[in-house]
Number of protein chains: 2
Amino acid sequence: MTNRPYHHGDLRVALLARAEETLRERGASALSLRELAREVGVSPAAPSRHFKSKQALLDALALTGFERLAEAIAASQEGAGEAFADRLDAAARAYVGFAVANAALLDLMFSVKHSPQASEALGATAHRWSDQLLELIGDGQRRGEVREGPLERIALPVVAALHGYAGLTVSGVLPPEVAEYGLDDLIASILRGCAPQ
Amino acid sequence: MTNRPYHHGDLRVALLARAEETLRERGASALSLRELAREVGVSPAAPSRHFKSKQALLDALALTGFERLAEAIAASQEGAGEAFADRLDAAARAYVGFAVANAALLDLMFSVKHSPQASEALGATAHRWSDQLLELIGDGQRRGEVREGPLERIALPVVAALHGYAGLTVSGVLPPEVAEYGLDDLIASILRGCAPQ
DNA sequence: ACCCCAATGTATGCACTGATCACAATGTAG
DNA sequence: CTACATTGTGATCAGTGCATACATTGGGGT
């Protein structure tokens, strides 16, 4: 029938790639395993070999999201200056940039639903992300540009502010034009919030 | 057959009530119009008279969520002191309290998907909520306890921080025990962020 | 007081989905 | 080269959202 080989080669990554495309174009609710299989050119039951359930597919998607987010933030620190303000600025823009560029994916990443086992691997990767922020702030402390105190307690308001701003823009509460200068204000506010007393 | 009257009386509110219960107990993804109809004791097609689509039901749910959130925040201001710090503290606890008590609903309220027309009424109600925060901050300015400047630009970082913190706790990123003292730190940070220079 | 009609609920059917099963094709380790 | 684990197939099942045609109800206009 089909001249396609019986074995796809790397169905898993193909599914993930296509899924992310659909996710970006038509949102998470429009994601269907069967349609995915169709688009990749494979039988309806084939995806189940790689993702035992639809939720598993979504979890995997979220995980790649966290990985790429971590990469984006790490990359942002490359060209940034040494001052805490500069590095925070770069990280914040990387985070919000990722958020608006991957709105539906971000929704998935921080969705309430997590299979108990998936949340293990997922939580680990999520931590890797927050650790970047922690390190950033720790550096700021050592440079004397961030108030003293337990790292987590200083960091929490920072990531809350970033996360919230990203969420607001993504969910469309913030008009697009506000999202621009709004970020400047946010960063300034965060800096004041964790400046040495 | 059934001794139930042909007309339910107020199917719409019954559906919304049951839907919210299911939402709270089993999450948004477990919401099914048919099951809802079954539970309320009505034919599968009946709900369509009140909600032309499932998304419409979700929108209505989100809208009631915003209304109740606004009420909760308004109520929080009743017993609060006059100082800006007190009122912000009360509002923040009301917001986060609502968030953890209605996790799935909050997810819905700020979900990316909005039918173009629903987002009108929904956006209006959402604005009513943010207006409360704006007013709160405006009062603070008049009392000289909040830095001067355009209201929106002062307020944005504040709601971002609150919204982000709520989102983090709801999505389980924050361990429950952290969520307690974390809020204190957050409020303190916000206060520093918008204190007069 | 009546009747008509808009509102509301019902019955049925369609296309689709996610999940599971037995089975077929494939490549690889021994 | 053969046993076997991996991966893809095909069919089936329960369940879903939605649309359409029909039934029941109650209130407003005459």
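Here is how names work: the chains are called A, B, and so on, in the same order as the sequence lines, proteins then strands, and each is numbered from 1.
The side chain of A:H50 places an N or O atom within less than 4.0 Å of a non-bridging phosphate oxygen (OP1 or OP2) of D:dG8.
For the pair A:E71 and A:R68, the salt-bridge criterion is not met [side-chain N within less than 4.0 Å of a carboxylate O].
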What donor-acceptor contacts under 3.5 angstrom involve side-chain atoms of residues 94-104 of chain B, with partners at least two apart or in another chain?
residue	atom	partner	partner atom	Å
B:Y95	OH	B:H163	ND1	2.9

Can you give the donor-acceptor pairs under 3.5 Å from side chains of residues 188-197 of chain A to other protein atoms, not counting sequence neighbours?
residue	atom	partner	partner atom	Å
A:R192	NE	B:G193	O	2.6
A:R192	NH2	B:G193	O	2.7

How does DNA chain D read in dot-bracket, base by base from 5' to 3', with Watson-Crick or G-U pairs under 3.5 Å and | used when the partner is on another strand?
-> ||||||||||||||||||||||||||||||
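Nucleotide D:dT6 holds its C1' atom 15 Å from the CG atom of A:D10, rounded to whole Å. One can place CG of A:L11 at 14 Å from P of C:dG27, the figure rounded to the nearest angstrom.
In terms of the side chain to side chain contact (heavy atoms under 4.5 Å, CB included) criterion, residue partners of A:A70 (sequence neighbours excluded) are, by chain and number, A:R128, A:Q132. Evaluation of the side chain to side chain contact (heavy atoms under 4.5 Å, CB included) rule for B:R153 yields A:Y181, A:D185, B:P150 as partners, not counting sequence neighbours. Residues passing the side chain to side chain contact (heavy atoms under 4.5 Å, CB included) test with B:L136 are B:Q77, B:F84, B:R87, B:L88, B:A91, B:L133, sequence neighbours excluded. Legend: residues meeting side chain to side chain donor-acceptor pair (under 3.5 Å) with A:D86, ordered by chain and number and at least two apart, are absent. Partners of B:D131 under the side chain to side chain contact (heavy atoms under 4.5 Å, CB included) rule, at least two apart in sequence or in another chain, are B:L134.
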Considering only nitrogen or oxygen atoms on both sides, find all protein atoms under 3.5 Å from nucleotides 11-18 of chain D and state each distance.
residue	atom	partner	partner atom	Å
D:dT16	OP1	B:S32	OG	3.3
D:dT16	OP2	B:R38	NH2	2.5
D:dG17	OP1	B:L33	N	3.1
D:dG17	OP1	B:K54	NZ	3.3
D:dG17	OP2	B:S32	OG	3.4
D:dG17	OP2	B:L33	N	2.9
D:dG17	OP2	B:R34	N	3.1
D:dG17	N7	B:R34	NH1	2.4
D:dG17	O6	B:R34	NH1	2.8
D:dC18	OP2	B:K54	N	2.8
D:dC18	N4	B:R34	NH1	3.1

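Set against D:dT9, C:dT20, C:dG9, the side chain of B:S43 has C:dG9 as its closest nucleotide.
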